[in-house]
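Okay, so here's the structure we're looking at.
Because the structure is predicted, anything quoted here is derived from the model rather than measured. Chain identifiers are assigned alphabetically (A, B, ...) following the order of the sequence lines, protein sequences preceding nucleic acid strands; residue numbering begins at 1 within each chain.
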Amino acid sequence: MDISALLSILDATLRLSTPLLLACLAGLYSERAGIFDIGLEGKMLAAAFAAAAVAAVSGSVWLGLLAGTLVSVSTALLQGVAAITLKGNQLIAGVAINMLAAGLTTFLGQQWFRQGGRTPALPPSGRFGTIELPFARELSGVPIIGPIYADLISGHYILVYVAFAMVAVTAYVLYRTRFGLRLRAVGENPKAVDTAGISVNKLRFQAVLITGVLCGLAGAYFSIAQGSGFGNNMTAGKGYIALAALIFAKWKPVPAMFTCLLFGFLDALQIRLQNFELPIIGVVPVQAIQALPYVLTVVLLAGFIGKAVGPKAGGVAYTKER
Amino acid sequence: MSALRPLPRWADIALLPVLNLVLAFIVSGIVLLLIGQNPFVALWAIVTGAFGNGYNIGYTLYYTTNFIFTGLAVALAAHGGLFNIGANGQAYVAGLGVILAATALDTTHWLIVAPVALLAAALFGGAWAFIPGYLQAKRGSHVVITTIMFNFIASALMIYMLNRVLKPANVSGPESRMIAEAGRMPKLGQFFEPFNYTPVNLSIGIALLALVAVYVLIWHTRFGYALRTMGQNPTAARYAGISNSKMIIITMTLSGALAGMVAFNEVLGVQNRLVLDFVADAGFVGIAVALMGRNHPLGIALAALLFGALYQGGNELQYVISGLDRTVVVIIQALVILFTGAMEGLFRPALQRSFLLISPESRAEAAARSTVSSES
């Protein structure tokens with residue numbers, strides 16, 4: 001495999017891991033605060049639809065992004081009310097959100113646009129363009145560094161850079177701010193947080209809101225950056241992969257980035273490897289590579305390659321003592 | 001005053017789910033109103049589409065059969081405090097067992113094929129749930145996450161099997177060969193004319209038996225007692241000498257076996273071959289069915305019938321109202337899960353307060369309290 005093929009796979013890796021990373025960080029905030037979130041998929045799907053619908057009608061990519069984020073945030077709030085205020089089962093809330101998003105996006109898409117659940121193709125102003133980083137053209141002649149900078153690092157959608165910047169932001173917020181300390185505490189020992197006079201529910205709602213915003217960006221990426229419009233079930237299980245990545249990264253931001261890059265790489269490789277004969281192994285079934293993140297997660301969860309222990313208070317609504 | 005008293009049993013079992021269900025319907029109606037459709041016309045179309053004639057009822061019962069199996073699967077696990085989101089994958093993999101048994105024996109007689117296929121469905125479905133169960137029991141990996149992952153792994157596995165292994169040479173699509181006529185499950189239409197041309201088959205009898213069997217298992221056996229004890233309080237169960245890990249493994253395996261019955265109905269009774277995605281969303285509907293039916297077989301039977309009717313009625317919807325189709329039902333289903341599952345506490349406080357007002361003994365208590373306070 002020559003260098004340009006490798007670069008193109010790595011380039012695809014960055015593009016494919018971006019929504020995973022955004023969703024994974026989204027889940028990180030929520031789960032660190034003690035709310036299991038299997039509704040990542042639904043929030044992304046709803047956001048992808050809203051972003052594409054608004055971008056198609058208004059012709060503005062930023063309005064699309066705003067709409068996607070707002071819809072994702074309201075979905076997150078709904079889940080928050082169920083899981084935090086009403087102390088309902090968090091897992092069931094997530095299942096319901098996923099199903100609701102799948103149903104409503106198909107239904108409203110068909111009602112509003114009548115194109116078999118798709119939104120109309122977006123005008124150029126309704127899509128994110130790629131960003132050429134400074135000096136990319138000038139440096140492309142320089143050996144090794146040139147192509148890497150010009151082809152791999154430069155020339156992506158703004159959301160790609162946002163996603164990777166969010167890793168640093170999340171690490172900082174989580175480990176260097178008071179909010180982060182409290183957020184981690186509320187997922188481990190909400191009672192201690194409560195005893196310190198800080199509202200557990202308020203903190204959890206803040207976490208869920210951040211989750212909503214990040215899922216909104218991830219969803220918008222699907223429909224108005226990577227794609228040019230919404231297609232039925234366009235997130236295709238990526239929310240669950242993000243969840244897998246979160247577990248794989250043991251709920252930590254920097255490992256989350258590497259896991260998402262790994263899963264993105266597998267995805268890019270899978271597209272490349274279709275009908276591609278490897279030495280010794282022969283043709284790898286595409287399905288095997290597709291299933292790999294899920295299998296790895298199960299293996300990890302089983303503790304065979306290290307133990308994945310989530311936040312202790314995860315999954316349980318907090319009830320103040322009476 | 002202390003905390004509100006718990007609701008009477010009947011209100012908890014029947015009134016609350018019905019209220020939540022009504023709320024789900026109201027919200028769905030609002031969605032329809034928002035896009036300019038008349039919700040009552042849609043509702044009527046669903047009702048007649050589900051029960052209008054023998055043909056419609058036959059289809060409704062066919063869907064009901066699937067939902068009884070997945071509802072029971074989810075409910076059985078729930079009694080042990082386990083949330084099985086993997087019924088879809090379990091049913092899907094069970095299809096493999098059914099088709100292997102059926103294609104091996106289908107030239108004999110369906111009376112020979114059926115029991116072997118049933119066993120194979122239970123075995124394959126059970127095995128697919130055994131692994132998450134084992135991993136939770138022995139390695140502490142959460143069954144919710146592993147069953148989600150197993151749904152995806154099942155999907156990849158089955159696409160591979162259908163494309164590469166089971167596909168006969170003369171077929172272009174990803175599907176297995178047809179089961180010979182002799183090995184197919186008889187349709188009810190053969191015995192009862194109004195059900196002609198509908199997929200409802202003898203599997204529904206097995207579904208009814210499964211309802212009874214699960215009832216007996218949960219409330220009238222030692223295993224069921226241990227199961228419920230573990231579900232209520234795993235620590236207490238351990239002190240009572242119940243092995244939680246053994247119980248988790250057995251429960252998940254049984255749950256997967258029940259989910260596997262869907263494959264029996266679909267593959268042997270309806271499709272007569274293994275096709276992609278034959279489970280559709282039966283596993284997820286099972287969650288709604290179990291939640292609505294309060295994990296009781298009687299409730300599950302009713303909820304499965306409700307969802308069977310919604311599915312069949314939803315299919316007919318597109319012929320009555322242009323632009324509406326079964327996605328409406330997916331929305332209703334999601335709202336049912338949301339309101340009866342995640343938000344089931346929504347009406348509870350209000351209901352408890354109103355029960356406090358109307359129950360005679362509480363009125364007596366209130367009267368007593370007021371006399372006490374007036375004396376002091």
Tell me, for Leu291(B) versus chain A, whether the close heavy atoms (under 4.5 Å) come from the side chain, the backbone, both or neither.
side chain

Interatomic spacing from CE in Met149(B) to CD1 in Ile247(A) - rounded to 0.5 Å
5.0 Å

Working for side chain to side chain contact (heavy atoms under 4.5 Å, CB included), residues Trp112(A) and Ile35(B):
CA-CA 8 Å; Trp112(A) 289 343; Ile35(B) 54 134; 4.3 Å; yes

I want to check something: taking the side chain as every heavy atom from C-beta on, are Met343(B) and Val81(A) in contact at a cut-off of under 4.5 Å?
yes

Heavy-atom count check: over 12 atoms from other residues, nucleotides or ligands less than 6.0 Å from Tyr134(B) OH?
no

To the nearest 0.5 Å, how far apart are CD1 in Ile145(B) and CG in Leu243(A)?
4.5 Å

Taking C-beta and beyond as the side chain, do Leu135(B) and Leu301(A) meet within less than 4.5 Å on heavy atoms?
no

For the residue pair Tyr294(A) and Phe152(B), categorise the inter-ring angle as parallel (less than 30°), tilted (30 to 60°) or perpendicular (more than 60°).
parallel

Locate the shortest heavy-atom distance separating Arg139(B) from Gly303(A); write the atom from each residue and the value.
NH2-O, 3.7 Å

Look up atom CZ in Phe347(B) and atom CG in Leu86(A), then write down how far apart they are to the nearest 0.5 Å.
10.5 Å

Highest number of heavy-atom pairs under 4.5 Å with chain B among Thr85(A), Leu104(A), Thr106(A) belongs to Leu104(A)

Using a 4.5 Å heavy-atom cutoff, which residues in residues 328-340 of chain B come close to chain A?
Val328(B), Val330(B), Ile331(B), Gln333(B), Ala334(B), Leu335(B), Ile337(B), Leu338(B)

Can you tell me which portion of Leu346(B) sits under 4.5 Å from chain A's heavy atoms? Options are side chain, backbone, both or neither.
both

Turns out that what part of Leu292(A) lies under 4.5 Å from chain B's heavy atoms comes down to neither

Ile85(B) and Ile38(A): CA distance, side-chain angles, deciding distance, side chain to side chain contact (heavy atoms under 4.5 Å, CB included) verdict:
CA-CA 11 Å; Ile85(B) 314 193; Ile38(A) 55 177; 3.8 Å; yes

At a heavy-atom separation under 4.5 Å, does Leu108(A) approach chain B through its side chain, its backbone, both, or neither?
side chain

Between the CG atom in Asn89(A) and the CZ atom in Phe83(B), the distance rounded to the nearest 0.5 Å is 6.0 Å

Any chance you could measure Leu162(B), atom CG, to Gln287(A), atom CD, to the nearest 0.5 Å?
10.0 Å

Evaluate the criterion side chain to side chain contact (heavy atoms under 4.5 Å, CB included) for residue pair Phe107(A) and Leu324(B); output intermediate values, then yes/no.
CA-CA 8 Å; Phe107(A) 179 70; Leu324(B) 288 193; 3.4 Å; yes

